[in-house]
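Throughout, a chain's letter reflects where its sequence line sits, starting with A, and its residues are numbered from 1.
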Protein chains: 2
Amino acid sequence: MDKKTENFLGIDVGGTHVKIGLVNTKGDIIEFAKEETGSLRKHPQGFNMGFVETVGKYLKKYPEVKHVGIGLPGLVSKDRTTTLEIPAIGELNGFNLKGALTDKFPDIIFHLENDASAAAVGELHFGTGDNSDSYLFITLGTGIGSALIIDGEVFKGVRGNAMEMGHMLSRGNSRLEPLIGRNGILNIARKMLQSFSGDAGELANAELGMHVLVAAANNGNKVALKTFAEVGEILGEAIVSTVRILDVNEIYFGGGISAALPHIMPAMKKTIHQYLSAYYLSDLKLERASLENDAGTLGAAALCFMD
Amino acid sequence: MDKKTENFLGIDVGGTHVKIGLVNTKGDIIEFAKEETGSLRKHPQGFNMGFVETVGKYLKKYPEVKHVGIGLPGLVSKDRTTTLEIPAIGELNGFNLKGALTDKFPDIIFHLENDASAAAVGELHFGTGDNSDSYLFITLGTGIGSALIIDGEVFKGVRGNAMEMGHMLSRGNSRLEPLIGRNGILNIARKMLQSFSGDAGELANAELGMHVLVAAANNGNKVALKTFAEVGEILGEAIVSTVRILDVNEIYFGGGISAALPHIMPAMKKTIHQYLSAYYLSDLKLERASLENDAGTLGAAALCFMD
């Protein structure tokens with residue numbers, strides 16, 4: 001095996017789509033396809049066998065592939081063989097996915113990982129930023145995902161599934177994800193709009209969505225900016241607690257909503273500086289991840305670099 | 001070196017006392033002494049040299065000792081040579097303590113560690129409980145300390161000082177330690193007393209201290225029980241967030257206030273069960289640590305087992 005020249009298959013499994021990319025070791029996506037998760041469910045033996053068969057289809061299409069990385073939206077066993085709790089695809093709960101794949105394709109090496117950790121690994125191998133090999137990675141999107149890379153390895157915690165920051169308790173004991181995941185942010189904006197007495201500008205009559213909100217913030221809209229400031233405060237609080245537990249000082253933000261990072265950052269930084277001591281603030285780095293739309297596919301492919 | 005038969009020196013450094021124990025490999029404290037931190041400060045070259053000299057005094061007294069473990073109340077460098085931020089003994093900030101000790105006593109191996117981590121290591125080697133080699137350890141006392149032992153090693157995080165749970169943000173963005181450290185608990189009790197309309201029993205006229213409060217709870221005093229229930233809720237919330245980050249399911253509680261654990265536990269468990277999913281709750285173990293008063297000395301001595 002020569003990982004310097006071969007091509008990997010990166011598979012990003014989601015509740016709506018399964019995305020498949022043929023990726024070279026420089027991180028170029030050579031070919032890309034997606035399958036509907038629902039159509040894989042229609043396999044006579046259900047999603048799991050539908051997925052195994054789909055993997056087979058692409059392995060046949062790309063016979064040079066020897067390593068397949070798979071990012072999964074949920075909890076996996078510490079030995080990364082079995083999917084434990086995958087809320088979006090319940091059929092995978094407690095399924096030895098690596099076993100099933102290896103039985104069927106014994107010449108291929110499969111690398112399974114949680115999708116947030118996969119995105120963090122993608123940044124490690126394919127990112128264009130100046131990250132070191134130890135950092136916290138936070139995905140801001142429909143949900144809030146997170147991962148810790150420590151000395152170039154995914155931090156698994158004691159039992160295998162560390163770094164579920166989206167489920168930390170925040171204000172009034174809500175979980176972080178409902179508070180500042182996509183819907184949470186839109187809820188904050190709606191409340192801000194209701195209580196805002198000035199001119200809400202383009203948000204006054206708009207159908208509120210994330211693109212509209214980010215565009216409004218880019219235009220200096222006050223309600224949009226106040227919304228992202230609130231998000232920054234809440235996210236900053238969670239980061240303070242996480243830094244105290246992990247002692248990490250390099251933090252990257254990925255996911256679609258990281259596009260709003262310039263608007264989130266000022267309040268987030270202020271909160272972090274308010275609650276962390278000098279030791280933690282020295283050399284603290286808070287930056288947007290370098291991989292954007294393709295982070296899922298590239299992250300899955302980058303798993304092939306890991307042992 | 002035969003770690004099976006030799007005696008270790010365990011030194012527990014605190015703001016008031018430096019405690020020194022000669023400890024055998026079974027965890028018996030053979031001899032014990034304590035020095036006042038203030039008197040070590042009176043050394044012509046200040047605390048640091050006073051400490052080095054004091055270590056020398058005991059090494060001379062116990063010439064068989066080859067390993068010395070030192071527990072320190074603050075942040076230490078990742079390579080465990082240098083004390084970084086020791087709030088109670090500012091002289092130690094940025095001091096290469098291991099270097100100074102090794103220069104003076106080249107035949108001795110010194111093991112430095114944060115004191116909460118040392119207590120957790122003590123439980124690992126000298127505890128009488130049925131702990132595995134991976135667990136979260138929380139010290140309830142004047143402050144709130146914590147440590148993670150993972151595969152028999154202290155988890156250091158990225159830069160060396162992980163596990164400062166006492167500084168996590170909790171309700172209204174207070175840090176956990178002021179909320180439920182010793183003084184925080186007494187504050188909760190005072191507020192409960194003020195707003196309590198029934199008979200506060202033995203707490204009505206008592207000078208409120210931790211012993212009085214624990215004794216009252218043991219007698220079924222309602223205000224005391226409500227106080228510890230509140231502590232349990234706050235502690236439970238912090239544990240929920242910590243478990244989501246570390247995926248740990250074995251948790252021990254040490255420190256003086258762990259004596260109140262039976263009163264803290266019910267509300268703590270309720271909170272934890274409210275916010276964690278089935279995966280985290282299966283086999284979740286919440287228990288009092290087996291080492292009590294001597295945990296500091298034994299923890300420091302147990303560091304000598306580590307590499």
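Residues Ile89(B) and Val13(B) have side chains in contact (heavy-atom distance under 4.5 Å, counting atoms from C-beta outward). Looking only at side-chain heavy atoms (C-beta outward), Glu164(A) and Ser146(A) stay at 4.5 Å or farther from each other. Residues His263(A) and Leu225(A) have side chains in contact (heavy-atom distance under 4.5 Å, counting atoms from C-beta outward). For the pair Ile251(B)/Phe253(B), a side-chain contact is recorded, criterion being any heavy-atom separation below 4.5 Å from C-beta on.
Residues Tyr252(A) and Lys285(A) have side chains that bring a donor and an acceptor to within less than 3.5 angstrom of each other. A donor and an acceptor atom, one from each side chain of Ser134(A) and Glu250(A), are nowhere located under 3.5 Å apart. If you check the side chains of Asn131(B) and Glu123(B), you find no donor sitting under 3.5 Å from an acceptor.
With respect to chain A, the highest number of heavy-atom pairs below 4.5 Å among His167(B), Met163(B), Arg175(B) belongs to His167(B). Between chain A and the options Met168(B), Arg159(B), Arg244(B), heavy-atom pairs under 4.5 Å are most frequent for Arg159(B). Considering only heavy-atom pairs separated by less than 4.5 Å from chain A, the leading option among Ala238(B), Gly157(B), Ser241(B), Gly166(B) is Ser241(B). Per-residue heavy-atom pair counts under 4.5 Å with chain B were compared for Leu136(A), Leu176(A), Asp247(A), Val248(A), and the maximum is reached by Asp247(A). Contact count against chain B (heavy-atom pairs under 4.5 Å) is highest for Leu169(A) among Leu246(A), Asp151(A), Leu169(A).
The contact between Leu84(A) and chain B is made entirely by side chain atoms (from C-beta outward), counting heavy-atom distances below 4.5 Å. Only the side chain of Val240(A) comes within contact range of chain B, with heavy atoms under 4.5 Å apart. With a 4.5 angstrom heavy-atom cutoff, Tyr280(A) touches chain B via backbone and side-chain atoms both. Using a 4.5 Å cut-off between heavy atoms, Ile245(B) contacts chain A through both its backbone and its side chain. For chain B, the nearby part of Ile150(A) is the side chain; its heavy atoms alone come within less than 4.5 Å. Heavy atoms closer than 4.5 Å to chain A are found in both the backbone and the side chain of Glu237(B).
Taking the centre of each ring, Phe51(B) and Phe95(B) stay at or above the 6.0 Å mark.
Residues Thr82(B) and Asp79(B) approach most closely at N-OD1, 4.4 Å, considering heavy atoms. Nearest approach of Ala116(A) to Phe137(A), heavy atoms of both residues: O-CD2, 4.4 Å.
The neighbour count for Lys156(B) NZ, taken as heavy atoms of other residues, nucleotides or ligands under 6.0 Å away, is above 12.
Residues of residues 266-279 of chain B placed with any heavy atom under 4.5 Å of a heavy atom in chain A are listed by number as Tyr275(B), Ser277(B), Ala278(B), Tyr279(B).
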